[in-house]
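The structure appears right after this line, and notes come after that.
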Amino acid sequence: MPIRDILQIGHPVLEARAAEVDVERIGTAQVQGWIEDLIDTMRAADGAGIAANQVGIPYRLFVMEVNDNPRYPYKPPIPLTIAINPEIKFLSDQTFPSNEGCLSVPQIRATVERHVEIAVSYHDRRGKKQSREVRGYSACTWQHEYDHLNGILFPHRVRDPKTFCSWSVFQEYHQAEFAEAVGRLVKRWGA
Ligand code: ZN
């Protein structure tokens, strides 16, 4: 399956709401092919996740996987997850200042507030409905990918523009402190 080109911030497909996937069509070669392309493209780019509209497929699905990710060394593991027509509910008001990057936002990172206790539901790649609660830093990754399906990129949610920084500056000046904060969250919630 091919690795696809990743659209960049400002592209109209990235900034529009993606359409629901017809659940009856999840088993088709077309939808299964999209899933394979998303997995291959995410892994090739060292992403923690990628939404279908990031590669020009304007439908509501994303994939996530974290396993010793070199782009995000502080992220706790997330097993390969394929989320089709996902929904997210917030379970509390508690938020965490999540410093994020995005494959569609080259070179730049910034801090956005994310909820740390959420309930997710979605169809998996076999079309089966899945529901569970997600707590800790992995909840931030879920919200980042879900936002993509509504045309929202992390810069749209940044409250303090002074948190914008380049990847190299982040790594030199901010990553150690941020990794400690993530570590405290992971210790509390186990993910
Ligand atoms: Zn992204």
Side-chain angles (χ1 to χ4, degrees), residues 3-19 21 34-88 90 95-116 118 120 122 134 136-161 163-171 174-175 178 182 191:
I3 291 167
R4 299 211 182 201
D5 290 337
I6 299 171
L7 306 183
Q8 309 276 275
I9 185 169
H11 192 291
V13 171
L14 264 184
E15 310 227 344
R17 185 185 187 280
V21 177
W34 291 345
I35 292 167
E36 291 302 321
D37 288 1
L38 287 169
I39 294 169
D40 291 347
T41 305
M42 169 181 69
R43 287 176 174 166
D46 287 326
I50 193 167
N53 54 347
Q54 287 184 272
V55 298
I57 300 166
Y59 287 95
R60 301 182 78 75
L61 73 153
F62 58 73
V63 303
M64 291 183 299
E65 182 181 49
V66 178
N67 188 11
D68 291 330
N69 187 300
R71 265 167 69 89
Y72 303 104
Y74 46 81
K75 274 193 191 244
I78 299 176
L80 179 63
T81 302
I82 290 92
I84 301 168
N85 297 342
E87 300 286 350
I88 290 181
F90 301 141
T95 63
F96 177 76
S98 175
N99 186 284
E100 300 185 5
C102 178
L103 297 173
S104 294
V105 185
Q107 305 297 337
I108 293 290
R109 305 179 58 119
T111 299
V112 299
E113 288 294 321
R114 299 289 190 192
H115 287 258
V116 298
I118 63 173
V120 303
Y122 59 98
V134 179
Y137 197 61
S138 297
C140 303
T141 305
W142 270 92
Q143 288 160 84
H144 178 113
E145 300 308 330
Y146 179 76
D147 269 355
H148 274 300
L149 304 182
N150 292 327
I152 298 167
L153 281 76
F154 80 81
H156 302 158
R157 289 201 181 276
V158 171
R159 290 183 192 163
D160 180 0
T163 66
F164 281 107
C165 73
S166 75
W167 278 73
S168 58
V169 168
F170 179 79
Q171 283 163 353
H174 305 297
Q175 182 165 296
F178 181 66
V182 171

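Note that the structure is predicted; figures quoted are calculated from it, not measured. Values reported hereafter were calculated over all heavy atoms of this structure, with side chains retained and with hydrogens, waters and symmetry mates removed. As the structure lists them, so they are numbered: ligands from 1, and atoms in each ligand from 1.
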Output, by chain and residue number, all protein N/O/S atoms separated from the Zn ion (ligand 1) by less than 2.8 Å.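 Only C102 SG, H144 NE2, H148 NE2 fall inside 2.8 Å of the Zn ion (ligand 1).
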
Check the orientation of F154 and F164. Use parallel for under 30°, tilted for 30 to 60°, and perpendicular for over 60°.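 It falls in the tilted class, 30° to 60°.
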
Ring-face cation of R109 near F170 (centre distance under 6.0 Å, axis angle within 45°):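 Yes, a cation-pi geometry.
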
List the steps, then state whether side-chain hydrogen bond (donor to acceptor under 3.5 Å, both in side chains) holds for Q8 with S104. CA-CA 4 Å; Q8 309 276 275; S104 294; 5.2 Å; no

Could you list the residues that satisfy side-chain contact (heavy atoms from CB on, under 4.5 Å) with E65, not counting sequence neighbours?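 side-chain contact (heavy atoms from CB on, under 4.5 Å) check on E65 returns M42, R43, L80.
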
Please evaluate residues R4 and D37 with respect to the criterion salt bridge (Lys or Arg N to Asp or Glu O under 4.0 Å), reporting the C-alpha separation (whole Å), side-chain torsions for both, the decisive distance (0.1 Å), and the verdict. CA-CA 7 Å; R4 299 211 182 201; D37 288 1; 2.8 Å; yes

Heavy atoms from other residues, nucleotides or ligands near CG of D5 exceed 12 (cutoff 6.0 Å):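 No - once you tally the heavy atoms of other residues, nucleotides and ligands closer than 6.0 Å, there are 12 at most.
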
